[in-house]
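Step one of this worksheet: look at the structure below.
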Amino acid sequence: MNIENFLSEAVIRSVEALYGQLEGEQIQIQKTRKEFEGDYTLVTFPLLKRSRKSPEATAAEIGEYMAANVPEVKAFNVIKGFLNLTLDSNFWAARFAEIAADADFGQAPTSGRTVMVEYSSPNTNKPLHLGHIRNNLLGYSVAEILKANGHKVIKANLVNDRGIHICKSMLAWKLYGNGETPASSGMKGDHLVGKYYVEFDKHYKAEIKELMTAGQSEDDAKKNAPVMLQAQEMLRRWEARDPEVYGLWETMNGWVYEGFDVTYKALGVDFDKIYYESQTYLLGKSLVEEGLRKGVFYRRPDNSVWIDLTADGLDEKLLLRGDGTSVYMTQDLGTAYRRFEDNKLDDLIYVVGNEQNYHFQVLKLIIKKLGFPEWSDHITHLSYGMVELPEGKMKSREGTVVDADDLIEGMVQTAREMSAELGKLDGCTEEEANAVSTTVGLGALKYFILKVDPRKTMLFDPRESIDFNGNTGPFIQYTHARIRSILRKAVEAGIDFGGAASAEYLPEEIELVKTLTEYPSAVAAAGENFAPSVVGAYVYELAKQFNGYYHDHSILKEENAEVRRMRLQLAGQVSRVIRSGMKLLGIEVPERM
RNA sequence: GGUCUCGUAGCUCAGCUGGAUAGAGCAACAGCCUUCUAAGCUGUCGGUCAUGGGUUCGAAUCCCGUCGAGAUCACCA
């Protein structure tokens, strides 16, 4: 049962009984702020025209009526124009029973909508870095949240496995390498390939410098550097499916995928579909033809195809090169079209950094102009801000990139050190110690990144993120582990906490029940705004509240069996909700730590 | 220059479909471990919500201007 709907119906009935039929006046009900007495608050300002009385008098009148006529309303108080209603504790007991009986609490009924979430989308010439971590965590979490909202979700990864950048790694491996492989070097495949990408850049820069000392301009030198010419030649050979180049490309990409899989697994993300750009880069050309026929696009004398978006406040955009080859936009048009067609999608969400805001603005506009407004309106660019480091911004060209694997390892390592220092690992087997360190280290990382509004540029301070106090993943994990420990001890002691409890709720317990009931709305809000941070904030709030409660009330040692039963049930429910919330964030929740 | 995003406590962030005295955590300070996990709990300190206008009974929230930060405007992806 939806409490706010229930209340607003009760309010409408009462207000109409007092003042006659309403004509579209807003009924505003919100949670009562914790510094005031009450559970829910009616804002009476919008009703003043109707009551023709002061805010205080109106609130008092409605309050009296409701206390007398709505059995669930136990008490009320009025502060300024705000009517605070306190609900009967039987009402909360019933809500709790409802939640406890619902095995799928938080899972919305199926919506019948199919949503594709594309995220990760790495290049195959170098390992993943901190920016990818934000992307992966966001994409995965948003997908899980959408599932919880009842949608059918397809997680997709579009791998950029072709282009000049991959040829650079391949060329450097051939020219400067000694035939090493992940197996022979002991390096993770993506790191090995990334190493040669850097190697290419070193030689390339050296050659530019050389040509410039020989008198060439910088631009000329960049074009004429022999390694660059060779890389371009390699790309041509790749496109012609030259067996040698193609074979090497397959081998090296294979190494990279093995490496990526390790990272994805560590992050706990997965995909339903993997697309490869080498297989989709030719898509979209027929759409361009169609656009030309419809007069949406135009051809320039050099044979290139453009769209003029100046009337929409944007620029002119290239869609097909003079030589007939496609560009990024062409491909994206093609893949979007195909995805909607093939999967009968209702929504398509791209998790891509905000440096591509313009690209997606244009993409949506073009799709609309091509005559598919129903698709255009259902494409969402889930744009996220850059992750900055204390020293400056992350740019792959500068040396300050934080490698994803290194970062994960560092988090786990630090978690282990801190756990050991606090004596949390005493008596653990090596295996258990590893499990705790991994869970805690990754929980810290994931929560730290997901708790920030995606749109915002965020600051990632590795040292600070490893502070496990306060609003952090480990705090939430810790709370869950504590609750599980209580429940285990209760079972060991043979305490029976099944069946309905008849004890009365205390105010703190009602607060917990109230917070529990808010879980579905938090999940819905997070889904609507593509903001895992909303779920994060909710789970933190619940954990914090429980910690305070746990501190003030003994649960196992409570002497009254009914009260103890009730408290145990409450604790069990809190742990269930924490667990399902954390799952939506992709964060593992330990049974003990 | 055009377009878009952001600006809230010393720091990192919530709050934004308009509602009460703007919230957390960190840092600082003061307490709390014979107690179900102290990775915890309680308290103190800390804010002209960048700034100036406007709309409103009411604005951190909506609109306009200004300042500041970032992204983008490629025959790259």
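Letters A, B, ... mirror the listed sequences (proteins, then strands); counts begin at 1.
Following rounding to the nearest Å, A:N354 (CG) and B:G70 (C1') show an atom-to-atom distance of 8 Å. The CZ-C1' distance, from A:F360 to B:A77, rounds to 11 Å in whole Å. Straight-line distance from the CZ atom of A:F45 to the C1' atom of B:A59: 14 Å, rounded to whole Å. The separation between A:L314 atom CG and B:C4 atom C1' is 10 Å, rounded to whole Å.
The A:K80 side chain lies nearest to B:U21 when the options are B:U21, B:C73, B:A77. Ranking B:C36, B:U72, B:C76 by closeness to the A:E355 side chain, first place goes to B:U72. For A:P46, the listed nucleotide lying nearest its side chain is B:G19; candidates were B:A77, B:C36, B:G19. If you check B:U21, B:A77, B:C57 against the side chain of A:N160, the one that comes closest is B:A77. Closest approach to the A:Q30 side chain among B:C36, B:A71, B:G19 is made by B:G19 (side chain taken as heavy atoms from C-beta onward).
Stem analysis of RNA chain B (Watson-Crick or G-U pairs, both distances under 3.5 Å, runs of at least three) returns B:1-7 with B:67-73, B:10-13 with B:23-26, B:28-32 with B:40-44, B:50-54 with B:62-66.
Here B:C6 is in the anti range [glycosidic angle more than 90° from 0].
Nearer the 5' end of RNA chain B, as judged by each residue's closest nucleotide, is the contact made by A:F36, out of A:D323 and A:F36.
Side-chain atoms of A:H381 do not come within 3.5 Å of backbone N or O of A:Q361 as any donor-acceptor pair. Judged by distance alone, the side chain of A:Q569 and the main-chain N or O of A:F497 form a donor-acceptor pair under 3.5 Å. The backbone N or O of A:H129 lies less than 3.5 Å from a partner atom in the side chain of A:H132, making a donor-acceptor pair. Between the A:E432 side chain and the A:T429 main chain, a donor and an acceptor come within less than 3.5 Å of each other. A donor-acceptor contact shorter than 3.5 Å links the side chain of A:N149 to the backbone of A:V523.
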query: If the sugar-phosphate is the primed atoms plus P, OP1 and OP2 and the base is the rest, what is the B/S/- string for nucleotides 7-17 of chain B, using protein heavy atoms under 4.0 Å?
result: S----SSS---

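The phosphate of B:U37 (OP1 or OP2) has a side-chain N or O of A:K489 nearer than 4.0 angstrom.
Remark: ring of A:Y358 does not overlap the six-membered base ring of B:A71 in a stacked fashion, as centroids less than 5.5 Å apart with planes less than 30° apart are not both met.
Relative to the six-membered ring of A:Y281, A:R162 meets both conditions, a distance below 6.0 Å and an angle of at most 45° to the axis. Both tests do not hold together for A:R299 against A:W306: distance to the six-membered ring centre under 6.0 Å, angle to the ring axis within 45°.
Tested against A:F475, the residues A:F546, A:Y540, A:Y447 include a single ring pair (Phe, Tyr, Trp, His ring centres under 6.0 Å) partner, A:Y540.
Using cut-offs of 30° and 60° for the angle between ring planes, the A:Y350 and A:F360 rings count as tilted.
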Pull out every protein N or O sitting under 3.5 Å from an N or O of nucleotides 39-43 of chain B, one pair per line with the distance.
{"unit_1": "B:A39", "atom_1": "OP1", "unit_2": "A:K424", "atom_2": "NZ", "d": "2.4"}
{"unit_1": "B:A39", "atom_1": "O3'", "unit_2": "A:N469", "atom_2": "OD1", "d": "3.2"}
{"unit_1": "B:A39", "atom_1": "N7", "unit_2": "A:K424", "atom_2": "NZ", "d": "3.4"}
{"unit_1": "B:A39", "atom_1": "N6", "unit_2": "A:S419", "atom_2": "OG", "d": "3.3"}
{"unit_1": "B:A39", "atom_1": "N1", "unit_2": "A:S419", "atom_2": "OG", "d": "3.3"}
{"unit_1": "B:G40", "atom_1": "OP1", "unit_2": "A:N469", "atom_2": "OD1", "d": "3.2"}
{"unit_1": "B:G40", "atom_1": "OP1", "unit_2": "A:G470", "atom_2": "N", "d": "3.3"}
{"unit_1": "B:G40", "atom_1": "OP2", "unit_2": "A:N469", "atom_2": "OD1", "d": "2.1"}
{"unit_1": "B:G40", "atom_1": "O2'", "unit_2": "A:R482", "atom_2": "NH1", "d": "3.4"}
{"unit_1": "B:G40", "atom_1": "O2'", "unit_2": "A:N547", "atom_2": "OD1", "d": "3.2"}
{"unit_1": "B:C41", "atom_1": "O2'", "unit_2": "A:H551", "atom_2": "ND1", "d": "2.9"}

